[in-house]
Amino acid sequence: MMNRIIRRIQRFKGWFGAAAAFCIFYGLYLGLFDSPPDYYQGEVVRIMYVHVPLAHTSLMAYASLFLGSLWYLWKRDPLVDNMCQAAAGLTVIFTALSLITGAIWAKPTWNTWWTWDPKLISFAILLLIASGYLMLRTFVEDPDKEGRYAAVLAIVGGIDLPIIYFSAEWWRSLHQPLSISMRGVSMTGDILLPLSIMSLGLNLLFLYMLMVRTQMLYLTNLLQAKKGRLLSQVHLTQTSS
Amino acid sequence: MAIQTFHLSKSFGNYRIFEDLSFEIPTGECFALFGSNGAGKTTLLRILATLVRPTSGSFTVLGHDGVTEKESVRQVTMFLAHGSHLYDDLDAQENLRFAMAMRGQYPSHRALKVALDQVSLGAFSDMKTRNFSAGMKRRLALAKVILAQPQVLLLDEPYNALDEGGVQVTNQIIREVTQRAGMVFMTTHDREKAHLVAHRTGLLNRGLLTFSHTDQHPAHDIS
Amino acid sequence: MAIQTFHLSKSFGNYRIFEDLSFEIPTGECFALFGSNGAGKTTLLRILATLVRPTSGSFTVLGHDGVTEKESVRQVTMFLAHGSHLYDDLDAQENLRFAMAMRGQYPSHRALKVALDQVSLGAFSDMKTRNFSAGMKRRLALAKVILAQPQVLLLDEPYNALDEGGVQVTNQIIREVTQRAGMVFMTTHDREKAHLVAHRTGLLNRGLLTFSHTDQHPAHDIS
Amino acid sequence: MTFLRVIQWVVWKDLISEMRSRETLSSMLFFALIVILVFSFSFAMDQDAAQQLIAGIIWVSFAFTGIIGLGKSFSAELQNDALEYLQMSPTPKGAIYLGKMLGNLLFMLVVEVMLFPLFVLFFNLNIVEEIGLLLLIFLLATLGLSAVGTLFSALTVQIRAREVMLPVLLLPLAIPVMIAAVESTRGALNAQPLTLYFHWIELLTIFDVIFTVVSFWLFELILDS
Amino acid sequence: MTFLRVIQWVVWKDLISEMRSRETLSSMLFFALIVILVFSFSFAMDQDAAQQLIAGIIWVSFAFTGIIGLGKSFSAELQNDALEYLQMSPTPKGAIYLGKMLGNLLFMLVVEVMLFPLFVLFFNLNIVEEIGLLLLIFLLATLGLSAVGTLFSALTVQIRAREVMLPVLLLPLAIPVMIAAVESTRGALNAQPLTLYFHWIELLTIFDVIFTVVSFWLFELILDS
Ligand code: HEM
Ligand SMILES: Nc1ncnc2c1ncn2[C@@H]1O[C@H](COP(=O)(O)OP(=O)(O)OP(=O)(O)O)[C@@H](O)[C@H]1O
Ligand SMILES: Nc1ncnc2c1ncn2[C@@H]1O[C@H](COP(=O)(O)OP(=O)(O)OP(=O)(O)O)[C@@H](O)[C@H]1O
Ligand SMILES: [Mg+2]
Ligand SMILES: [Mg+2]
């Protein structure tokens, strides 16, 4: 059943791609050329139109990984497992990009590449968990166990992330050595519109990439199964001789 | 039927071991599976022991489904694999007691002693198993079977590393299981020894399983 | 003499395995050692392979002293133990090449192929050995003997896990070694298979070694 | 009840093995000793900073030491494929989890109690008044570590590179425990009023409950086929 | 010459295995990442102290990461009792030592070169002018670590509790190397004149020579019966 739904959605993935491209281009145009520079930060603020949507999309990516893992443990559908693997890869990419753009933004504004803000801590740990997930998958010998173990990790991580965020926030409110607030930008309409459009665009892009990548993993497995069957044939003739 | 399989197949990733195996083994029978190296015998046993999930197909053990009702299958099954499943820092007796406790059984001190004597390890019951020789570890595994009295016994190359006395003990245990309407499924390369106890033998070759009968007669009628 | 021992004894701590073993095995002979589980067969082999030092006594291999001239002994000896000595991340061919390089031999690509074909692993020469079955690993170890052509071959339960084809290959290798005036010393519990190739057999029992002859005739006269 | 008896037997087995080999405890202790030495070495020049960071140092040492113990916990099950036996036995897997977890908790607590005097000694801590409270904090935080840690020990033991994957997977997830443990330990060491850091103790309790339940539930999936 | 060829083959075998599994390098990198995060986290509040201690932090991270790699080096030889084969082969044991040692040196250097930029990033180091000198220091100190480390890796792999005994035995012995490495790295990072810390580099060289020769000689005893 699941397979059919996913296959049906797959057929429309071109639309997702097109919509994503449109939103991103339009959002970039609005953000980079149409919106005013920030009163305090000047033109640097424009990186926000990439940075914040990237951050939102990485949360979205991990959420799909989390839900997909629950789903996989329930149904044990290999296609869902492929989707989880795809989602994890994308989580790593989007999280890393949002951290990098953030760091680029932080250098001129805070005069440092990095600081221990709760949000940054949580995202750094998100990156660690997601890359740990991918690493785990490469280290499992037994293909039967790969999906299951990975799903267990994703679920524990998903439950832990909010707790990490809260504990980091409490911790920070306790110490506060650097009086830096993330809310250096006031959210007026000029900003909100391109920001939402970019967010929408990147989320659509994520969905599009998720579909492409899932399909790719699925087909690779299929292809290897074919190759494996040939190998088995050779093996069977060999051992019986 | 003690074991029934329905279109069982197994591949590792993309490497197909066997496909579409359907067979049944009645209670009271000892079945010996032969097959060349790498044929998939161990893999089949591990599936029946619920250690590995079949890629497709299903099987039942004494009527319990092997995928959905694992716990019931495990209750009646025992599998002696290549590894001896011993903890090196426990002594022989403690190892037995722990292994039985994990099956929900708590044998008396006397029962333990009897079982150890039966596999000629009585003198070693208080010795750590760390430095047991290959054959002594196998014998201790046999003692578990004596204590657990499983209804379905799976054996992977049981005669490996055993001397003549050990082989006799093994065959005696096998006969005892079949006589109380249990079932034994073993793989081995040693046709002579297997023919002494097996009622039927099978050959796993190119993913196909073919059967033949031996001179032995099943302890119980096939129902 | 290929192997001569003088009053060899071995204890672990204060646990005496055997004592005062003196025997000799001529070149051209295949000798099979039997003995019940825990008799000390593996321990004896490991001493002869220079892996374990005897508690007292000494031995020579082709005239080289086993304790003081280890390197010369190792040059002519090869020991197939229970472990297959394979690296799981190398493929079959690479494993062979590395193992040979460690003995100072560098076989050609063709020689490797011939050896792999001889143990029926030709189709697997590019496959990582990680998931080889028990018997496939044993076969690969046999391929090492084919390549290395050792003069003294020590085998610990060589028929374990091998199917009939594998047993034949093993026996063929053994015959080949004895025919070129080498010597084979094996332990096994499988008298039938051993009697097919062994010229003499021995029984290790309570630390004593007793010999008997078989129907086989040594390839070379005892010198 | 079978469930409780299985827990008992698993703990018994681990304790007996440990009593015979003294492998886990002695390695944990020795490792901890070295970590402490390295720390006290690198902070030798800066006593003030050390006082500041002592709670953090304590918990970093405890965490790394705990990981040593956790790693051994399931790699001991690999000898002679013993884990396979547990997998194919009709034992309730949750009971095995709880047994292993209690064993790990015990080992870690023993080591912590033995190490703490060393910290007092090496870093010139004032003798603590609120020792009972401190022990409670140790208990709660260690429970949290061993709850997730036992799950991941079982998971990583069946894959390659296991000695490394355990800390790699566990440490990021243990961050809330670490922060809460450090903050409440700091509070207790500095004899602050309890209300100032009580919420950290609450956080520890919540974490313990959530992750014991979640791990208990997920453990079955890891041992299963 | 056989001796050189054995070295070659041992290095070849370790490199091929690593290329296939990517186990050692990726675990070293990941572990180092976590160590760095823990450090930069615990020094977050105290940027000045961090700048002071950065050379020490770098070398503590490198040492622990190296120990991970060293541990794996010989535990890889335990699969299927492969070590037994090396022991009973007529291979010159010294060649095996040098091969393993070179492999370890390579892995450690690769990881160090990949990690150093992270330190620059996380601790806001000024871009270093004397990068060549720094690399030389890394090379010399790492050679020292891997010379003793390979010996102890072979020793501990054959005993129980090996993951722990390696750091326990190695770290105390490595203290001179660590001190010299830290001092000369500090000098290079702060762009001090070379004469101020040249004696540390000399010390490193002397250690390397002594340790390599001694370990080369002792290695045979460890592999032998
Ligand atoms: C190392 C540097 C930085 C990193 C790693 C980083 C990371 C992040 C992350 C992960 C988020 C996502 C939070 C969410 O979606 O709720 C975020 C949001 C945001 N960041 Fe950054 N950031 C950095 C620097 C900056 C700087 C310098 C500014 C501006 C002064 C900034 C402004 C914002 C804003 C306005 C948001 C929007 C969401 C909100 O705070 O509610 N960030 N950043
Ligand atoms: N390292 C050791 N320390 C102490 N005792 C040992 C050690 N190795 C072996 N033993 C003991 O030595 C005896 C002989 O062991 P060995 O492995 O040589 O027997 P074996 O004849 O090969 O038996 P099998 O046929 O079962 O393989 C056994 O009782 C064993 O417990
Ligand atoms: N986990 C695994 N991943 C991939 N392939 C595997 C795995 N386990 C086994 N195989 C492959 O499956 C095949 C069958 O293995 P199996 O161990 O079942 O053989 P077997 O019949 O028991 O052989 P033997 O008589 O040598 O013990 C082998 O070719 C092996 O390489
Ligand atoms: Mg098998
Ligand atoms: Mg033996």
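Every chain is numbered from 1, with letters handed out A, B, ... down the list of sequences.
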Interface residues of residues 141-150 of chain D facing chain E - heavy atom cut-off under 4.5 Å:
none
Portion of Ser21(D) that has a non-hydrogen atom of chain E nearer than 4.5 angstrom:
both
Toward chain D, the part of Ser26(E) with a non-hydrogen atom under 4.5 Å:
neither
Going by residue number, which parts of residues 68-79 of chain E are within reach of chain D, meaning a heavy-atom gap below 4.5 Å?
Ile68(E), Lys72(E)
Tell me whether Arg22(E) at atom CZ has more than 12 heavy atoms from other residues, nucleotides or ligands lying less than 6.0 Å away.
no
